[in-house]
Protein chains: 2
Amino acid sequence: MAIEADPKAKTRVPLTKERVHEAAVELADREGLKALTMRALAQELGVEAMSLYYHVANKEAVLDGVLEAIMAEIGEEIGGFSVPEPVDDWKAVLRDRILAARRVMLRHPWAPDVFESRTNMGVSIILYFESILGTMREGGMSYDLAHHGLHALGSRALGFSQELFRPDTPEQDQASAEMFDCIKDQLPYLTGMLTEITHDGPEETLGWCDDQTEFEFALDVLLEGLERLRIAETSA
Amino acid sequence: MAIEADPKAKTRVPLTKERVHEAAVELADREGLKALTMRALAQELGVEAMSLYYHVANKEAVLDGVLEAIMAEIGEEIGGFSVPEPVDDWKAVLRDRILAARRVMLRHPWAPDVFESRTNMGVSIILYFESILGTMREGGMSYDLAHHGLHALGSRALGFSQELFRPDTPEQDQASAEMFDCIKDQLPYLTGMLTEITHDGPEETLGWCDDQTEFEFALDVLLEGLERLRIAETSA
DNA sequence: AACATACTCATACGTTGTAAGGTTGTCAAC
DNA sequence: GTTGACAACCTTACAACGTATGAGTATGTT
């Protein structure tokens, strides 16, 4: 429609911040966070490493942008960051929101590590927490309790919890198992638990648990605890 | 006593794994985790970088050793990793244990990052979790509930919780504040909370909270929630 | 035709972990 | 003593990383 709008005429489509961020997400999805280097990212875009620096300040800025992209996905998943007017069941609303965020995290398993590495929050993250806080408030909590609640949820509010010590290679996993075997006479409770928890006996380590189940369990303990405190403070 | 046992005769005290680990802790304490490089660590010990590799396999091994050192500190703080025979108040016992671990973490603020970076757990960490689990069991929980409880506590069992987004430079902090100001008309709840929470008005960001208070709050919500579930399952 | 602007690239530096192989110090055996 | 083995440490070098610097190249304006 424009006078000279043939895309083919342009020898190359110029980069943008957004394309860099999107490519970064794709690269991390495909090859992991460790593979997300400026050079690899440039190659992903058919460009040299230093060309990226015309569009982004540095790698930190890339990671910030990546998080904004993730938050945008969460926004789509929960249909925006607004607070449903009056909240009759804040627990259920928050639970849905958080599990929606978690679905996004499961699509991008590296994302939690990026969140943890960040030191200042972007706009969409603030908006997200605003909506969480708003839900708590409209649900009937005091600002004080909601504040504590936000801290208590921590990263869980964003849909993830750092699972400590998850072996990532089979060799490492086996090494842990051997070490465990080696001292298992000092571990009556752990061996007891493993024999009872797992169906096939105590060969499996702690890592083999259903993350989703555990996530929801902890989330519910927290939500119910906060609800109890809310009731306590309203009846006081 | 030995025929040739004059220590002075030795021109230099040889390195050991242990000395490397100790020096690593001291270095991280003094200059932060980022400053803990193999070269800096070597310099700390008056030696060249590659000399370290005679005693430790690689940097990962150093970090593993550092964690063992931290766990040893925790062990001292709680007087060993044993389980008090019958536990009349498991909540109180666990609370003390965890807050003791937290005191160690506060002495080494970089330690949580190391824990999160690790992928396989060392012996002393397993022993620690064994003692936590044992306390829950002796307190009357089923293995199933105790298992969920371990996951629910997560890193909190070790005395820390990753505080997301803590600005580490004054410039960054100010940048966040400005950004916050810029969109604060979209943040009724957050501004409302800040005016009510802080004494001096809403200039302060979310980062300025009493970590210890928030840690204990979340810990207590979890412990009480688990206790409630324990009672529910024993009366069933 | 000349120039400004927007964008991209080539080269290079400092830092990191660490592989490969050399140097030294100590001690036992001949 | 000389020799040889072994332990402990060092020198050099490399690949990968983030990125500073300045030069190139296209496009649009005047």
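Residue numbers begin at 1 in each chain, while the letters A, B, ... track the order of the sequences.
Per the geometry, OH belonging to B/Y53 stands 12 Å off P belonging to C/dT16, to the nearest Å. Taking atom CG of residue B/L41 and atom P of nucleotide C/dG17, one finds them 10 Å apart after rounding to whole Å. Following rounding to the nearest Å, A/E48 (CD) and D/dT19 (C1') show an atom-to-atom distance of 14 Å. Look at NZ on B/K34: it is 11 Å from P on C/dT15, rounded to the nearest Å. The distance from atom CG of A/L52 to atom C1' of D/dT21 is 17 Å, rounded to the nearest whole Å. Computed from coordinates, the A/M50 CE to D/dG22 P distance equals 12 Å when rounded to whole Å. Taking atom OH of A/Y54 as the reference point, atom P of D/dG18 lies 22 Å away to the nearest angstrom. The distance between atom CE of A/M38 and atom P of C/dC13, rounded to the nearest whole Å, is 21 Å.
The backbone N or O of B/R166 lies less than 3.5 Å from a partner atom in the side chain of A/T119, making a donor-acceptor pair. A/Y128 places a side-chain N or O within donor-acceptor distance of the main-chain N or O of A/A157, the cut-off being under 3.5 Å.
For B/L15 and B/R39, each mapped to the nucleotide of DNA chain D holding its nearest heavy atom, the one lying further toward the 5' end belongs to B/L15. In this structure, A/G46 and B/A57 both approach DNA chain C, and ranking their closest nucleotides by distance from the 5' end singles out A/G46.
Within the structure, every side-chain polar atom (N or O) of A/H55 is placed at least 4.0 Å from both OP1 and OP2 of C/dA6. The shortest distance between the side-chain N/O atoms of B/S51 and the OP1/OP2 oxygens of D/dC10 is below 4.0 Å.
Using a 30° and 60° split on the angle between ring planes, A/F217 and B/H148 fall in the parallel class, below 30°.
Between A/T135 and A/R97, the shortest heavy-atom contact is OG1-NE, 4.1 Å.
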